[in-house]
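Right, one structure below, let's go through it.
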Amino acid sequence: MSNIQNIDQHIIINVAERIERLIKDARQHINRIVDITEVITKYEIGHVIIEVVQEGEDRARYGKQLLKGVSEILTERLGEGWSVDTLKKCRKFYQIYSANKIGATLSPQLTIEDSGYSVAPIQKTATSQKLDSAYPFTLSWSHYVVLMRMESADERRFYEIEAKNQNWSVRQLQRQYNSSLYERLALSKDKEAILRLAQEGQTINKPDDIIKNPLTLEFLGLKPDASYSETKLENAIIDKLQQFLLELGKGFLFESRQKRFTFDEENFFVDLVFYNRLLQCYVLIDLKVDKLAHQDLGQMQMYVNYYDRYVKQDFEKPTIGILLCKEKKDALVELTLPKDSNIYAQQYALYLPDKQLLQAKLKEWIDEQD
């Protein structure tokens, strides 16, 4: 016991932490292997149903009876989890991600060798020999169940890329889809940029890349038709800061609320101050629960000027100002602000948008561009 007491406590802690990291990394690796193995297995189940049993046809004449019979045998031999509905999902999964479409997906490919395990494949037919050993799967089966519900291939690829890059949980993926993130981003871009959404996901290269209209804040729990103050809105955002950061998008770090600065012996307060590490700049947000006025824009311009002149360091990019408002008029914003302004008026909504309406607007906008 005396020997243990003589050991430097820092050495003990260091060794314990290194071992802890190894164990956690191993668990994470095992979980990833399990997830990817499940996805690959269900892809190959769909492969068997489509390519082997149905000989490539969309539906066999006896498809329903076949899946019912297979489900009954699998359930008897392997237990629950192999319902007809599950087999149909496997079939659909293969139809969406089959070998002739895998090249179209832009998710980074994962090979069996890269993942450190092997899958004993079903005996290959002449058709299945065409299947490459590289699977493009990077998410869990539950993620792909959500993705398969999306009819648009471009939209599906966008959410697949973002779910991987942002490490979204299934719940976060579902929420972003329900909030029409793809449509909200697409409606603020030109046609070429819309195509890039499906190829690269959301890229942050310039200030207006972070803007979504509207910003969807249904998670705050405020009723759209109820009366509330800017302070109550701010408190609700702070209480749900993690969800708010997810809705803001990539690269945001929270710094402060009611950030005070003093100029000409007068105190001013910025509602919310963030930093975007991708753009390398401060992002100031002021909350407005009523219709936006030109005085609000002028005040934000002063905030931005102060940060650019007295807070921003030389290596950082110009400060961005966002007025988060319940209602705005684009003509007023354009008339008040200079063309090269780094200030944006962004509406928010306390309910999820109508996805079908946004999809229709996006289609109409694309048709006009064509």
So, the side chain of [X] versus the backbone of [Y]: is there a donor-acceptor pair under 3.5 Å, distance only?
| X | Y | answer |
| --- | --- | --- |
| S180 | E183 | no |
| T86 | W82 | no |
| Q172 | S169 | yes |
| N14 | H10 | no |

State plainly whether one hydrophobic cluster holds both [X] and [Y], where clusters connect Ile, Leu, Val, Met, Phe, Trp and Tyr through side-chain heavy atoms under 4.5 angstrom apart.
| X | Y | value |
| --- | --- | --- |
| Y228 | I237 | yes |
| F219 | F274 | yes |
| L215 | L253 | no |
| Y97 | I36 | yes |
| V283 | I238 | yes |

Of all pairs that satisfy ring-ring contact (aromatic ring centres under 6.0 Å, His included), the ones with a partner from residues 328-364, not counting sequence neighbours: none

Summary of ring-ring contact (aromatic ring centres under 6.0 Å, His included) pairs that have at least one residue in residues 170-209, sequence neighbours excluded: F158-Y182, Y159-Y177

Hey, could you give me the [atom1]/[atom2] distance between [X] and [Y], rounded to the nearest 0.5 Å?
| X | Y | atom1 | atom2 | answer |
| --- | --- | --- | --- | --- |
| L324 | L248 | CG | CG | 8.5 Å |
| L173 | H143 | CG | NE2 | 6.0 Å |
| N267 | T262 | CG | OG1 | 4.0 Å |
| L284 | S256 | CG | OG | 11.0 Å |
| E334 | S341 | CD | OG | 12.0 Å |
| Y43 | I96 | OH | CD1 | 11.5 Å |

Candidate list [options], test side chain to side chain contact (heavy atoms under 4.5 Å, CB included), partner [X], passing option:
| X | options | value |
| --- | --- | --- |
| V273 | Y303, F254, Y282 | Y282 |
| I343 | I322, T336, L323 | L323 |
| L337 | L332, N342, L297 | L297 |

SB check [X] [Y] (cutoff 4.0 Å):
| X | Y | result |
| --- | --- | --- |
| R157 | D154 | yes |
| K250 | E162 | yes |
| K42 | E38 | yes |
| K326 | E230 | no |
| K206 | D209 | yes |

Are [X] and [Y] side-chain neighbours, meaning at least one heavy-atom pair lies under 4.5 Å?
| X | Y | result |
| --- | --- | --- |
| L233 | L220 | yes |
| D286 | D296 | no |
| Q176 | L181 | yes |
| K223 | L350 | no |
| L139 | Y144 | yes |
| K328 | C325 | yes |
| E155 | Q359 | yes |
| L197 | L185 | yes |

Kindly write out the residues that satisfy salt bridge (Lys or Arg N to Asp or Glu O under 4.0 Å) with [X], not counting sequence neighbours, or none if the list is empty.
| X | value |
| --- | --- |
| E327 | none |
| R196 | E192 |
| K329 | none |

Residue pair N276 / Q280, side-chain donor-acceptor N/O under 3.5 Å: no

Stepwise side chain to side chain contact (heavy atoms under 4.5 Å, CB included) test for K68 and S71: CA-CA 5 Å; K68 186 174 183 294; S71 171; 5.7 Å; no

Contacts table for residues 314-321: side-chain donor-acceptor under 3.5 angstrom, sequence neighbours left out:
unit_1	atom_1	unit_2	atom_2	d
E316	OE1	Q313	N	2.9
E316	OE2	Y275	OH	2.8
T319	OG1	D308	OD1	2.8

Pairs flagged by salt bridge (Lys or Arg N to Asp or Glu O under 4.0 Å) wherever residues 341-351 is involved - sequence neighbours left out: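 Pairs touching residues 341-351 that pass the test: none.
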
Salt bridge (Lys or Arg N to Asp or Glu O under 4.0 Å): pairs with one or both residues in residues 251-264, sequence neighbours excluded: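 Counting only pairs at least two positions apart or across chains, the salt bridge (Lys or Arg N to Asp or Glu O under 4.0 Å) contacts touching residues 251-264 are E234-R257, E255-K259.
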
Salt bridge (charged side-chain N to carboxylate O under 4.0 Å, His left out) evaluation trace for R156 with E160: CA-CA 6 Å; R156 188 187 311 117; E160 184 179 359; over 6 Å; no

Atom pairs and distances, donor-acceptor, side-chain atoms in residues 288-295, under 3.5 Å, two or more places apart:
none

Within residues 236-247 or reaching into it, pairs that qualify as side chain to side chain donor-acceptor pair (under 3.5 Å) - sequence neighbours excluded: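 Applying side chain to side chain donor-acceptor pair (under 3.5 Å) to every pair that reaches into residues 236-247, excluding sequence neighbours, yields R175-E247, R184-E247.
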
Grab the two heavy atoms, one from [X] and one from [Y], that are nearest each other, plus how far apart they are.
| X | Y | answer |
| --- | --- | --- |
| E200 | T203 | OE1-CG2, 3.3 Å |
| S140 | V39 | C-CG2, 3.7 Å |
| K88 | L67 | CG-CD1, 3.9 Å |
| I285 | D271 | O-CB, 3.3 Å |

Residues that M302 engages under side chain to side chain contact (heavy atoms under 4.5 Å, CB included), provided they are two or more places apart: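 In terms of side chain to side chain contact (heavy atoms under 4.5 Å, CB included), with neighbours along the sequence ignored, M302 is linked to F261, F268.
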
Ring geometry between F263 and Y310 (parallel below 30°, tilted from 30 to 60°, perpendicular above 60°):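 Correct class here is tilted.
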
Could you tabulate the donor-acceptor pairs under 3.5 Å formed by side-chain atoms of residues 17-25, not counting sequence neighbours?
unit_1	atom_1	unit_2	atom_2	d
E20	OE2	K24	NZ	3.1

Atom NZ of K312 with >12 non-hydrogen neighbours under 6.0 angstrom: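 Yes.
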
